[in-house]
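Structure record follows, encoded as C-alpha cells.
Protein chains get the first letters and strands the later ones, always in sequence-line order, with residue 1 at the start of each. Computed over heavy atoms, backbone and side chain alike; hydrogens, waters and symmetry mates excluded. All values reported here derive from a predicted model rather than from experimental measurement.
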Number of protein chains: 2
Amino acid sequence: MTTTQEPLIQIGKLAKQLGITTRTIRYYEEIGLMGPSKRSSGGARSYDRDEVLRIKFILKLKELGISLKEMQILADTFDSYNQRFDTITPQVLEILDLHIGKVNDKLTNLSSLRDDIVNYRRRIAALLEEQPSA
Amino acid sequence: MTTTQEPLIQIGKLAKQLGITTRTIRYYEEIGLMGPSKRSSGGARSYDRDEVLRIKFILKLKELGISLKEMQILADTFDSYNQRFDTITPQVLEILDLHIGKVNDKLTNLSSLRDDIVNYRRRIAALLEEQPSA
DNA sequence: CGGCAAGTTTACGTAAAGGGGAAGCCCATG
DNA sequence: CATGGGCTTCCCCTTTACGTAAACTTGCCG
Ligand SMILES: [Zn+2]
Ligand SMILES: [Zn+2]
Ligand SMILES: [Zn+2]
Ligand SMILES: [Zn+2]
C-alpha cells in the first residue's frame, strides 16, 4: 500500500504486459492471493506498483512449481503475522528449500534414468553387432 | 509378451505390491498405456512379469514428472515402430533430455530466487540493526 | 445519439489423474 | 448352501488453474 498519488494501471494493460489474461488476475484476487484491488468510480480494477510486484512475485513462484495453495498458506501466515519481516521470510525459505530439494532429487533421478537407458541401448547395440542373426 | 508359462499376478496383489490402487492400473489400461491384459476364465485381469515391469516403468516416469499423455505418445511411436529398439530409444531420450533441461532450469531459478531472498533478508536485518528507530 | 472496446459479475466448462461407490459375477470355505 | 472376498463394469465426484460465454456497465469517439 503506497499512499502517494502514483500511476495506476488497468487490468487489461497489466495482463497484456505480464503475458497473462485478466481472468488470471481476477482469479488470484478471487482466491485471496491478491486482496481486493482499488476500483475506479465505474468499478474497474486498477493496480499500483506494489500490487504489480506482488503479481509478478506470484508468477515467479508459480513458474518455479509452487502451487497457488502453497502461496495462499504463505500469504495467510504473512497476514496473520502482520508483515513481520523476520517471521515471514523463514517460511518462504522453508517452502523454497523444500521445493529445491524436490527438484534436485528429480534432476538426479532423471539423469540416472537417462544413463540407464543410454547404457541399455549401448549393450543391445553391441549384441546386435556381434551376432547379426534372426 | 512372454509365451512360456510364467507366474501371473492378479490386479489386487499387484496394486498392493506397487503401492497404488487397482483403479490406477485399470486407468492405465483404459487410456491405452497398458494394452488389454490377459483375463482369467472369470474375467479377472492378470499380469506377467513384463507387464509388471511396464507398469513399474510408467510409475518411474510419472514420478519424474513425465505426464501420462507424453507416455502415450511414446507408447504410440513404440507400437507403430513395432518395437524396433533403435528407433524407440532416441524418442525416450529426447523426451527425457527435454525434461532434464526443464528441471535443471527450474533448479537454477529456484536457487537464485532463494539467494535473492536470503540477501534481501540480510539487507533488511542490517538496516534494522543500524537504526532501531520507529 | 449510436456504437464499440474494455470493464464487470455469475456461472458453467475443461483437462489430468485418478477416487469411490453401486450393482453384479466368480469362487473358495465353513 | 450361504457368505465373504475379490473381481468386473458403469458412472459420477474431486482438485487445480484457469477458459469461456452471457448479460450488463462505462468510457469515449465521431
Ligand atoms: Zn499500494
Ligand atoms: Zn509444493
Ligand atoms: Zn508377456
Ligand atoms: Zn513434459
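Per the geometry, OH belonging to Y27(B) stands 14 Å off C1' belonging to dC13(D), to the nearest Å. As a whole-Å value, the separation of I20(B) CD1 from dG18(C) C1' is 11 Å. As rounded to whole Å, 10 Å separates atom P of dC7(D) from atom CD1 of I9(B). Across the protein-nucleic acid pair, I58(B) atom CD1 and dA16(C) atom P stand 16 Å apart, rounded to whole Å. One atom, CG of L59(A), and another, P of dA17(D), lie 13 Å apart when rounded to the nearest Å.
Under the side-chain hydrogen bond (donor to acceptor under 3.5 Å, both in side chains) criterion, D97(A) pairs with R114(B), sequence neighbours left out. Legend: residues meeting side-chain hydrogen bond (donor to acceptor under 3.5 Å, both in side chains) with S111(A), ordered by chain and number and at least two apart, are absent. Evaluation of the side chain to side chain contact (heavy atoms under 4.5 Å, CB included) rule for E94(A) yields no partner, not counting sequence neighbours.
Between T21(A) and dG19(D), a side-chain N or O to OP1/OP2 separation shorter than 4.0 Å is present. In this model, the phosphate group of dG7(C) is not approached by any side-chain N or O of K13(A) to a distance below 4.0 Å at OP1 or OP2. Regarding contacts with the backbone of dG18(C), a side-chain N or O of K62(B) is found under 4.0 angstrom from either OP1 or OP2. Phosphate proximity of dG18(C) to Y28(B): present, with a side-chain N or O under 4.0 Å from OP1 or OP2. The phosphate of dT16(D) has OP1 or OP2 within less than 4.0 Å of a side-chain N or O from K69(A).
Within 3.5 Å, a donor on the side chain of R23(B) pairs with an acceptor on the base of dG20(C), or the reverse.
Of the listed nucleotides (dT8(D), dG19(D), dC7(D)), dC7(D) has the atom at the smallest distance from the side chain of Q10(B). Out of dG20(C), dT9(D), dT9(C), the shortest distance to the side chain of R26(B) is found at dT9(D). If you check dC7(D), dT8(C), dG18(C) against the side chain of I11(A), the one that comes closest is dT8(C). Nearest to the side-chain atoms of L68(B) among the listed nucleotides dT8(D), dA17(D), dG18(C) stands dG18(C). For T24(A), counting side-chain heavy atoms from C-beta on, the closest listed nucleotide (dG20(C), dT8(D), dC18(D)) is dC18(D).
M34(A) has its side chain within reach of I58(A): a pair of non-hydrogen atoms, C-beta onward, lies under 4.5 Å apart.
Residue pairs meeting the salt bridge (Lys or Arg N to Asp or Glu O under 4.0 Å) criterion with at least one partner in residues 22-32 of chain B, sequence neighbours excluded, are R23(B)-E30(B), E29(B)-R39(B), E29(B)-R45(B). Here salt bridge (Lys or Arg N to Asp or Glu O under 4.0 Å) pairs that include residues 99-108 of chain A, with residues two or more places apart or in two chains, number zero.
The hydrophobic cluster containing L53(B) does not contain L64(B), counting ILVMFWY residues as joined when their side-chain heavy atoms lie under 4.5 angstrom apart, directly or transitively.
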Along nucleotides 22-30 of chain D, 5' to 3', which nucleotides get a B, which get an S, and which get a -, given that the test is a protein heavy-atom distance under 4.0 Å? ----SS---
